[in-house]
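Report on the following structure.
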Amino acid sequence: MLKGWQDIRATYYLCPNFVQMITRTEIADLLKKPTLNEDVTVMGWVRAWRSNRFIALNDGSTAGTLQIVVDDSAFPEETLKQIGFHASVGVTGTLVESQGKGQDYEIIAKELTVFGAADPNEYPLQPKRQTMEYLREQGQFRMRTNTFSSVFRLRHALAFAVNQYFHERGYYYLHTPIVTGNDAEGAGEMFRVTTLDPATPPLTEDGTVDFNEDFFGKATNLTVSGQLQAEIGALALGKVYTFGPTFRAENSNTSRHLAEFWMIEPEIAFADIDNNMDLAEDFLKYLINFCLYNYADDLEFLDQRIQQAEKQLPAAQRRPMPLVEMLRFVVENDFARITYTEAVDILRRSKPYKKGKFEFPVEWGVDLSAEHERYLVEKHFKKPVIVRDYPKTIKAFYMRVNDDDNTVAAMDILFPYIGEMVGGSQREERLDVLMQRMTDMDVHHDELDWYLQLRKFGGCPHAGFGLGFERMVQFITGMGNIRDVIPFPRAPRLADF
RNA sequence: GCCUCAAUAGCUCAGUUGGUUAGAGCGGCGGACUGUUAAUCCGUAGGUCCAAGGUUCGAGUCCUUGUUGAGGCGCCA
């Protein structure tokens, strides 16, 4: 029986005859292993149609294009007329070394099929630079552009790297619920989930909505965090992570916030705040490295694009270093690590503080604002900064109270351009301290009884953090607006597609 | 939610102290072109100047309100 199982495993892993695309060769494969002077079939979308003779073809498998050489006397005029920007075509022909500059290989077309023309009179995109705002309105087409196809290849790369990183290190991927009955997760406004008729909901005797009649028999919402449930997993499986959609009904109108975003939340048992920071720093560097090694051409394209756009900006508004250089800089240098108290000291000794340039006050006990975080990251340390040990009055109830009784073992990782990339903490494992904190912060014990029981029975020191996935995609791609790194952004007044 | 800015051709923008017929580049259409790289060259069509109201002899331009978008802030990841 064991032998049979091993055979199945061997077959599965070796995959000698895995299913291949038999109708076409993908351009990425062709450029990696060019089969010169052989006939190949490629299919994709026309990125440029030059001189009635050359097609730059892209099939999404790579940032690059493959040049197709078309002899206009060999094909009917009707077919040639349909070749245009973003028309989809299939070509069979001989792969040869290119006679022109700008590309190594090209296909001399023998057969040419236009699957779908894109009438330029009506097609909304044009072969030119278009604004991100306009392309956002054309969400059904924007992934065909160089910029967005690179962004979404990198988004995939990061999602894959997240799972690979944790899997290789013995973490279990835990799926926490999207619909939650918790009323007290304390991470922002929630979207209500209900099947009740909004016009005539059932009412209780005192006139409030009777959620007992609702689908789940109670008031439910979309999750704002999987952390509390991830703690259940960590205290059983040791190391877990969540990676799923998260919803915040905040009226946030910024380039760094979405109403629906993806969050990664590792949670580890027998770990403290220092282990937590080490994990977060290592994890972030791994993600960046993964993209640098495996998606260099997409990063290179985005880098060039940003540099070209910045030529028109005054020097002060340009990036201090180009995209790829900055990504390398981040992985090659240790993050700065300071306490909240040290951060306040640095800020109070800073030039902008002394000159009264800060809009918001810098005093112990008040949360840092964006201008303070930017000073620390972009001016003082010039690299990512981890700030730890915040005043307990400004942080969530579940964060572990330090021995000084004034601060909690919380940590935020601040990145240039993005601000807060990670927020995490060591969790309060002491039942009495946790209950006191909940009382102080007006969180009802009975609603989170299950959470308290994790401390009462077999609790242990544990820690974790939340990473905003789109913010990471934003940092790595250099995109200015978070709405352009998720395929279908949801934000206040925005739920198209 | 708050502050600032913007809205003119299909797209990206210019439009002077308020003055006659609204400008460009790209794209489209027609033509030329057998090695192009956002190809190039010639020709050509294309506008309810975001909406409503107001000031004025006269408004793309000034004022009010609204709508939409961007940037910043707050909330946070």
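Each chain gets a letter, A, B and so on, in the order its sequence line appears, and its residues count up from 1. These numbers were taken from a predicted model, which means no experiment stands behind them.
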Pairing partner (Watson-Crick or G-U wobble, both distances under 3.5 angstrom) of [N]:
N       : answer
rU36(B) : none
rU17(B) : none
rG43(B) : rC29(B)
rU56(B) : none
rG1(B)  : rC73(B)
rU48(B) : none
rA6(B)  : rU68(B)

Would [X] and [Y] count as a cation-pi pair here, with the cationic atom under 6.0 angstrom from the ring centre and within 45° of the axis?
X         : Y         : answer
Arg169(A) : Tyr286(A) : yes
Arg319(A) : Tyr417(A) : yes
Lys128(A) : Phe85(A)  : no

Using a heavy-atom cut-off of under 4.0 Å over every strand shown, decide if [X] touches base, sugar-phosphate, or nothing.
X         : result
Thr246(A) : nothing
Asn121(A) : sugar-phosphate
Asn481(A) : sugar-phosphate
Met472(A) : nothing
Gln67(A)  : base
Glu133(A) : sugar-phosphate
Glu122(A) : nothing
Asn253(A) : base
Thr65(A)  : nothing
Gln474(A) : nothing
Gln126(A) : base
Leu258(A) : base
Gly100(A) : base
Pro120(A) : sugar-phosphate

Can you check the distance between [N] and [M], where both ends of the measurement are the [atom1] atom (answer in whole Å)?
N       : M       : atom1 : value
rG69(B) : rU12(B) : C1'   : 15 Å
rU56(B) : rG71(B) : C1'   : 35 Å
rC50(B) : rC41(B) : P     : 32 Å
rA7(B)  : rA14(B) : C1'   : 15 Å
rG74(B) : rC57(B) : C1'   : 49 Å
rU48(B) : rU16(B) : C1'   : 25 Å
rG27(B) : rG46(B) : C1'   : 11 Å
rA77(B) : rU37(B) : C1'   : 42 Å

Notebook entry, point to check: With nearest nucleotides of RNA chain B determined for Tyr123(A) and Asp71(A) from heavy-atom distances, which residue corresponds to the more 5′ nucleotide?
Noted result: Tyr123(A)
Next item on the list: Give a yes or no on this: more than 12 heavy atoms of other residues, nucleotides or ligands lie within 6.0 Å of atom CD of Glu78(A).
Entry: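 Incorrect, the count does not exceed 12.
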Checklist line | Aro-ring/base stack Phe469(A)-rA77(B), d under 5.5 Å, angle under 30° | finding: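 One would not call Phe469(A) stacked on the rA77(B) base.
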Check: Between Asp274(A) and Arg388(A), is there a side-chain N and carboxylate O pair less than 4.0 Å apart?
Finding: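 Here Asp274(A) pairs with Arg388(A) in a salt bridge, since their nearest N and O are under 4.0 Å apart.
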Tell me whether the rings of [X] and [Y] are parallel (<30°), tilted (30 to 60°) or perpendicular (>60°).
X         : Y         : result
Tyr241(A) : Phe166(A) : parallel
Tyr375(A) : His380(A) : tilted
Phe415(A) : Phe475(A) : perpendicular

OP1, OP2 of [N] versus side-chain N and O of [X]: anything below 4.0 Å?
X         : N       : value
Arg374(A) : rC73(B) : yes
Arg256(A) : rC75(B) : no
Ser369(A) : rG74(B) : yes
Arg493(A) : rU68(B) : yes
Arg471(A) : rC76(B) : no
Thr131(A) : rU12(B) : yes
Arg136(A) : rA70(B) : yes
Ser255(A) : rG71(B) : no
Arg50(A)  : rU36(B) : no

Next item on the list: Before giving the answer on ring pair (Phe, Tyr, Trp, His ring centres under 6.0 Å), spell out for His372(A) and Phe358(A) the whole-Å C-alpha distance, their side-chain angles and the decisive distance to 0.1 Å.
Entry: CA-CA 8 Å; His372(A) 306 139; Phe358(A) 286 139; 4.9 Å; yes
Minimum-distance nucleotide to [X] side chain [options: [options]]:
X         : options                   : value
Gln130(A) : rC73(B), rA77(B), rC11(B) : rC11(B)
Phe360(A) : rG74(B), rG1(B), rU34(B)  : rG74(B)
His257(A) : rA77(B), rG35(B), rU12(B) : rA77(B)
Glu420(A) : rC76(B), rU12(B), rG30(B) : rC76(B)
Asn251(A) : rG1(B), rU36(B), rG25(B)  : rG1(B)

